[in-house]
Amino acid sequence: MTDSQHLYEGKAKILYRTEDPEILLAYFKDDATAFNAQKRGTISGKGEINCGISSQLFSLLAAQGIQTHYLDRPTPNSMRIRALQILPVEVILRNIAAGSLCKQTGLPLGMKLDQPLVEYCYKNDALGDPLLTRDRLLLLELATPDQLEEIRRLSLQINSYLSKFFASCGLTLVDFKLEFGLDKQQQLLLADEISPDTCRLWDNSTTDPNQRVMDKDRFRQDLPNVEAAYQQVLQRVLATTRCAAPLDFSDTVGDAGVK
Ligand code: TMP
Ligand code: ASP
């Protein structure tokens, strides 16, 4: 790609323009950051792994009728995506207490939540991506009330599908982050990525609190074998996707969360 095509560089991806103004190329980097980029490093092979996992998951969601920005994956590290106006909101879905939920509420790590919890953060590095109330989100006009309702409905539906899918991979989807954007017709589409950078995934084959971590918490907490964990998630996602009997999502309902 040329300098003139370079549009934006984030912490984990670079966006490039293509000949079609409605299509961008997202290049996934091996760079890793945590704690609002106070910790920086490299996870070797991460770009290719996260691009591969995200492509599979976006395709899985598209097959269930969830519209996403994903088009295809021309190289192992890059995906072609629809150009969207990204809403500056990080949507966090939680099934099990971990991370900032434990830190901010005192809930014990690993406590199963009765129903999935939907949270919103202001996507603003200068402010440290603070947690938002619904009223603050509307006050800042980060989304309209209708868009917020649709984001909540879609996020719960996505959580249902992904929780079931990862369970088939022998992984528990503890929590994850989503981003949404609007296309020219003001339609809301799922954007960004879904990968071990943006999800907490615990290996169901162990209860050891360090062993079970299969996501960026290994990097955040300086645990060993970060690359191997990411690679293992990719292998399981591919194996489950290729498995002869497709997953049956008919008992998976959106607004009621995980059945
Ligand atoms: P948290 O517990 O730190 O709030 O994180 C919740 C989920 O969101 C977790 O799966 C990691 C993901 N996440 C991101 O994808 N980007 C971020 O900047 C942060 C803070 C969390
Ligand atoms: N993605 C965020 C950062 O790099 C935080 C995190 O994932 O922990 O700063």
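In each ligand, atom 1 is the first atom listed, and ligand 1 is the first ligand listed.
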If we number the atoms of ligand 2 from 1 as shown, the ones under 4.0 Å from a heavy atom of A37 are 3 (C), 4 (O), 9 (O)
Note the single closest protein heavy atom to atom 1 (N) of ligand 2, along with its residue, its atom name and the distance in Å. K216 NZ, 3.5 Å
Should K177 and D197 be marked as a salt bridge (Lys or Arg N to Asp or Glu O under 4.0 Å) after you check the CA-CA gap, both sets of side-chain angles, and the distance that decides it? CA-CA 9 Å; K177 187 253 317 184; D197 268 12; over 6 Å; no
Could you tell me if the side chain of R200 sits less than 4.5 Å from the side chain of D217, heavy atoms only? yes
Could you list, one pair per line, each nitrogen or oxygen of ligand 1 together with any protein nitrogen or oxygen closer than 3.5 Å, giving atom names and the distance rounded to 0.1 Å?
from: ligand 1; atom 1: 2 (O); to: R94; atom 2: NH1; distance (Å): 3.1
from: ligand 1; atom 1: 2 (O); to: R94; atom 2: NH2; distance (Å): 3.3
from: ligand 1; atom 1: 2 (O); to: S100; atom 2: N; distance (Å): 2.8
from: ligand 1; atom 1: 2 (O); to: S100; atom 2: OG; distance (Å): 3.3
from: ligand 1; atom 1: 2 (O); to: R200; atom 2: NH1; distance (Å): 2.9
from: ligand 1; atom 1: 4 (O); to: R94; atom 2: NH2; distance (Å): 2.9
from: ligand 1; atom 1: 4 (O); to: S100; atom 2: OG; distance (Å): 2.5
from: ligand 1; atom 1: 10 (O); to: D175; atom 2: O; distance (Å): 3.4
from: ligand 1; atom 1: 10 (O); to: D175; atom 2: OD1; distance (Å): 2.6
from: ligand 1; atom 1: 10 (O); to: R200; atom 2: N; distance (Å): 3.3

Sub-3.5 Å donor-acceptor pair from the side chain of D129 to the main-chain atoms of K123, do we have one? no
D20 atom CG, neighbour heavy-atom count above 12 within 6.0 Å: yes
Taking E150 first and then R153, would you say they form a salt bridge - that is, a charged N and a carboxylate O separated by under 4.0 Å? yes
Identity and separation of the nearest protein heavy atom to atom 5 (C) of ligand 2: F35 N, 3.8 Å
Protein heavy-atom partner closest to atom 2 (C) of ligand 2 - residue, atom, separation in Å: K11 NZ, 4.0 Å
For atom 4 (O) of ligand 2, state which one of D215, T33, D197 supplies the nearest heavy atom. T33
Looking at F219, does the NZ or CZ of K39 lie under 6.0 angstrom from its six-membered ring centre and within 45 degrees of the ring axis? yes
Salt bridge flag under 4.0 Å for residues K46 and D30: no
Return the residue, atom name and 0.1 Å-rounded distance of the protein heavy atom closest to atom 8 (O) of ligand 2. R220 NE, 2.8 Å
Is there a donor-acceptor pair closer than 3.5 Å between any side-chain N or O of D31 and the backbone N or O of R40? no
Indicate the ring-plane relationship of F58 and H69, choosing parallel, tilted or perpendicular according to the 30° and 60° boundaries. perpendicular
